[in-house]
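Here is the structure we will look at, set down as structure tokens.
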Amino acid sequence: MATDGKFYVTTPIYYVNDKPHIGHAYTTILADVLARYHREKKEATFFLTGTDEHGQKVQQAARERGIDPKSHCDEMVIYFKKAWQRLEISHDRFIRTTDSYHIKVVQQVLQDLYDKGEIYASEYGGYYCVGCERFLTNKEMEEGSGKCPQHDKEPEYIKEKNYFFRMSAYQQWLIDYINHHPTFIQPEHRKNEVLGFLKQPLNDLCISRPKSRLSWGIELPFNSDYVTYVWFDALLNYVTGIGYKQSPEQFDQWWPADYHLIGKDIVTTHCVYWPTMMKAMGIPLPKTIFAHGWWMMDQAKMSKSLRNIVSPLDLIDLYGVDSVRYYLIRDMVLGQDANFSEELFIERYNAELANDFGNLASRIATLIHKNYNSAIPQPMQLNSDDQYMIDQACHLPGKVHRRIDQLDLNKASDAIITFIRAINKYMEIRKPWKLVKQDNQETGTVLYIAAEGLRIAARLLHPIMPGKINTLLQNLPIDESVKDKFSWGLLQSGQKLGEFKNLFPRIKPKQSPPPKTKEKPPKMEKETQLSIDQFAKLKLLTAKVLAAETVPKTKKLVKLQIDTGEDQRQIVAGIAPHYEPESLVGKIIIVVANLKPVKIRGIESQGMLLAAQNDQQLTLLTTLDEIDAGARVS
Ligand code: MSP
């Protein structure tokens, strides 16, 4: 969180041996949402991203293509720049480690550290993993039984003269620093992982590669037979990208960074190498390094080598940029892994964007256009439902901002969608489409409250879906000077509402499994354990039974008409042996509201009710205290 009125956020810089996939896109979108959020709060904001272009991986990729590394980088970087453009990423600078200013400053830092005796020459032998671009520790070798535990590949044994950074000298200092700065490494379990790593003696860091082995890198200023180790070069982008040793004013304005956002596989380099480098350079440390989990496909990390990647651009072509940004932010609990599935993507889109949000917006607009000549009505006398809705709207921005400040974007977006559902429910209770036939003023109040609630929710979603939300907001009349504000009552009564039909058209659910999913035989598991996230996908609601009757010619089936708070629907359940249908009318039951409709004996059932059952008994689930239909059960 920015506490000093400025906000500086970074993503890792991506290797150009690969085109971007949604794992890369995720960190970049996350940083973008944060940057947009802080800019909207009128904080001076700087967002840095870019590409990591040196090292063995890139040299190898270029060699495989039969071209020189720089030409390879120049071609590959375009994929990243284009992808970020299409994803509407609003970075302030895109750094390439082959940029001349970066190379110059890396060499200056190396020279300074060499002059101070922080870097020395020595002979070293060790196991080097090309995938990690680093020597493995003894512990890692043990863990992987001689292979790199991350890449499952045998590392190469290398012995040669090299240059070393005195990282070991900072071991105790780093442990103390981490302990005294509890928010430096987040989430907590990553901090503990780093402290665990620091329990073994820390070696000095080999920061050079002889050109005879690797020529693609930044030449050491004190020995032209060597290039710089790619991580030493890459980590420095976070400071060279904001003018370190080039523009002191710019550097002082942004440093230290508020967040380095990274994936969980690059924690050691960021939380051990980088802090000790900064300590030796004499600059303060970033406020927080936050490691998120991986996007997985069928339980495996999405990566080029496993050929299970999903391109963000393919998704955008199919579903549009805003929904891709929304899904990625909405479906990953920061710090945990998330499973990508196109089916879940479509489900989430249809339920939350097309249904909850899009339909609400069209409904409000249609009623205002039809009954109020397109002018936003004037709110008049409030009843308790109106006041409750306004109170919720007033509390929402604070709640959402707190979540964003804790980097909990998943919960922030959840709070907004829950609020949008509450507006839907409010509309169902107040029924402006009926009310308008009796009382034009009271209906106006309801529509004003719904529209203003929608505006506040939309404003909060703006950093996540800037494109669609702009379309909506541009059509809601509001004074230019307060258009960024979240306070209640800014929507201008009497002013014209524009058109925003069908913001999120429904997507037809896929019949066949998504094309990129690799088929795997189902695993035999003793008992499937669900993550909280998976559980949260179940939409359990309280519902009121409006009518119930036995299905003719059946002994067991009852057809129930229920009000879920969001809609009225029909479900069929095998409860006739246990209940007189009439006795259920008026009762509150619990239903699974997001099941695909099915036909039972030719009758459509749009959901399922919950019941507890053993050999002798079946009893329907209800709530301990009285509660309206439409409450979420979790
Ligand atoms: N070049 C280094 C970073 C240097 S930063 C000074 C690097 N590059 S990378 O292209 O391999 O990975 C960049 C980021 O993408 C890492 O944070 C990594 O965790 C992230 N991801 C790569 N695959 C991923 C998923 N499947 N899911 C989420 N993020 C993952 O490492």
Side-chain angles (χ1 to χ4, degrees), residues 9-31 48-61 73 76-77 79-80 83-84 94-98 102 106 129-134 150-151 190 216-218 228-242 244 257 259-275 277-278 286 289-312 327-329 331-341 516 518:
V9 62
T10 68
T11 71
I13 47 174
Y14 304 101
Y15 286 130
V16 286
N17 58 338
D18 198 359
K19 290 183 195 168
H21 58 64
I22 60 164
H24 306 127
Y26 175 70
T27 328
T28 318
I29 294 170
L30 181 63
L48 181 71
T49 188
T51 42
D52 190 353
E53 303 193 357
H54 292 125
Q56 202 146 319
K57 272 192 197 184
V58 175
Q59 180 171 288
Q60 250 170 25
C73 294
M76 292 301 292
V77 73
Y79 288 107
F80 284 87
W84 296 168
F94 188 103
I95 187 170
R96 298 179 58 183
T97 51
T98 49
H102 173 77
V106 170
C129 169
V130 177
C132 295
E133 294 267 25
R134 62 183 176 84
Q150 262 210 45
H151 293 91
R190 297 286 165 220
W216 183 234
I218 300 179
T228 311
Y229 168 44
V230 64
W231 270 105
F232 196 90
D233 153 6
L235 288 162
L236 282 166
N237 94 87
Y238 297 133
V239 290
T240 61
I242 47 161
Y244 183 56
Y259 287 116
H260 286 333
L261 302 176
I262 61 167
K264 65 179 183 181
D265 48 331
I266 52 175
V267 166
T268 309
T269 45
H270 279 80
C271 301
V272 179
Y273 298 5
W274 181 222
M277 284 166 66
M278 288 183 275
I289 300 176
F290 196 106
H292 61 72
W294 285 335
W295 278 96
M296 315 280 279
M297 271 294 247
D298 293 340
Q299 321 304 326
K301 182 191 178 197
M302 195 179 287
S303 72
K304 188 186 172 191
S305 49
L306 292 174
R307 299 215 190 100
N308 62 352
I309 56 177
V310 175
S311 149
Y327 171 78
L328 292 181
I329 291 296
D331 256 42
M332 180 174 267
V333 178
L334 222 62
Q336 294 172 22
D337 292 341
N339 207 41
F340 180 85
S341 129
K516 295 214 169 72
K518 278 202 309 180

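Keep in mind that the numbers below use all heavy atoms, side chains included, and drop hydrogens, waters and symmetry copies. Computed from a predicted structure; not experimentally measured. Start at 1 and go down the list; that is how both ligands and their atoms are numbered. One-based numbering along the sequence shown.
By the 4.0 Å heavy-atom criterion, Gly293 is counted among the residues contacting ligand 1. Ligand 1 lies less than 4.0 angstrom from a heavy atom belonging to His21. For the ligand labelled ligand 1, residue Trp274 lies outside the 4.0 Å heavy-atom shell. Assignment of Thr27 to the shell around ligand 1 is not supported, since no heavy atom sits closer than 4.0 Å.
Nearest non-hydrogen protein atom to atom 27 (N) of ligand 1 is Trp295 N, 2.8 Å. Looking only at heavy atoms of the protein, atom 9 (S) of ligand 1 is closest to Tyr15 CD1, 3.7 Å. Protein heavy atom at the shortest distance from atom 14 (C) of ligand 1 is Tyr14 CE2, 3.8 Å. Atom 20 (C) of ligand 1 has as its closest protein heavy atom His24 CD2, 4.4 Å. What sits closest to atom 6 (C) of ligand 1 on the protein, heavy atoms only, is Tyr238 OH, 3.5 Å. For atom 30 (C) of ligand 1, the closest non-hydrogen atom on the protein side is Trp294 CD1, 3.9 Å.
Residue Ala234 places no N or O, backbone or side chain, under 3.5 Å from any N or O of ligand 1.
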Stepwise side chain to side chain contact (heavy atoms under 4.5 Å, CB included) test for Thr228 and Asp233: CA-CA 6 Å; Thr228 311; Asp233 153 6; 4.3 Å; yes

His260/Phe290 under ring-ring contact (aromatic ring centres under 6.0 Å, His included): CA gap, chis, key distance, verdict: CA-CA 6 Å; His260 286 333; Phe290 196 106; over 10 Å; no

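In this structure, Asn237 contributes its side chain and Ala234 its backbone to a donor-acceptor pair below 3.5 Å.
Residue contacts with ligand 1 for Trp231 involve side-chain atoms from C-beta outward but no N, CA, C or O (heavy atoms, distance under 4.0 Å).
Screening Leu48, Ile242, Asp52 for a side-chain contact (heavy atoms from CB on, under 4.5 Å) with Ile95, the sole residue that qualifies is Leu48.
Checked by atom type, the side-chain pair Thr97/His102 shows no donor-acceptor distance below 3.5 Å. Neither side chain, Thr98 nor His54, offers a donor N or O lying under 3.5 Å from an acceptor on the other. In summary, the side chains of Tyr238 and His270 do present a donor paired with an acceptor at a separation below 3.5 Å, with no hydrogens or angles considered. Residues Thr28 and Tyr14 have side chains that bring a donor and an acceptor to within less than 3.5 angstrom of each other.
Residue-ligand proximity, His270 to ligand 1, at heavy-atom distances under 4.0 Å covers atoms 5 (S), 6 (C). Near His292, meaning under 4.0 Å from any of its heavy atoms, are these atoms of ligand 1: 28 (C), 29 (N). Heavy-atom proximity to Asp52, at under 4.0 Å, picks out these atoms of ligand 1: 1 (N), 2 (C), 4 (C). The Gly263 neighbourhood of ligand 1 comprises atoms 17 (O), 19 (O), with distances under 4.0 Å to a heavy atom of that residue. If you number the atoms of ligand 1 from 1 as listed, the ones under 4.0 Å from a heavy atom of Asp265 come out as 18 (C), 19 (O).
Lys301 forms no cation-pi arrangement with Trp295, by the criterion of a distance under 6.0 Å to the ring centre and an angle within 45° of the ring axis.
Side-chain contact between His292 and Ile262 is absent, with no heavy atoms from C-beta onward closer than 4.5 Å.
Classification of Lys264 and Asp337 as a salt-bridged pair holds, one side-chain N sitting under 4.0 Å from a carboxylate O.
When Ile262, Ile13, Asn308, Ile266 are checked for heavy-atom proximity to atom 2 (C) of ligand 1, Ile13 turns out nearest.
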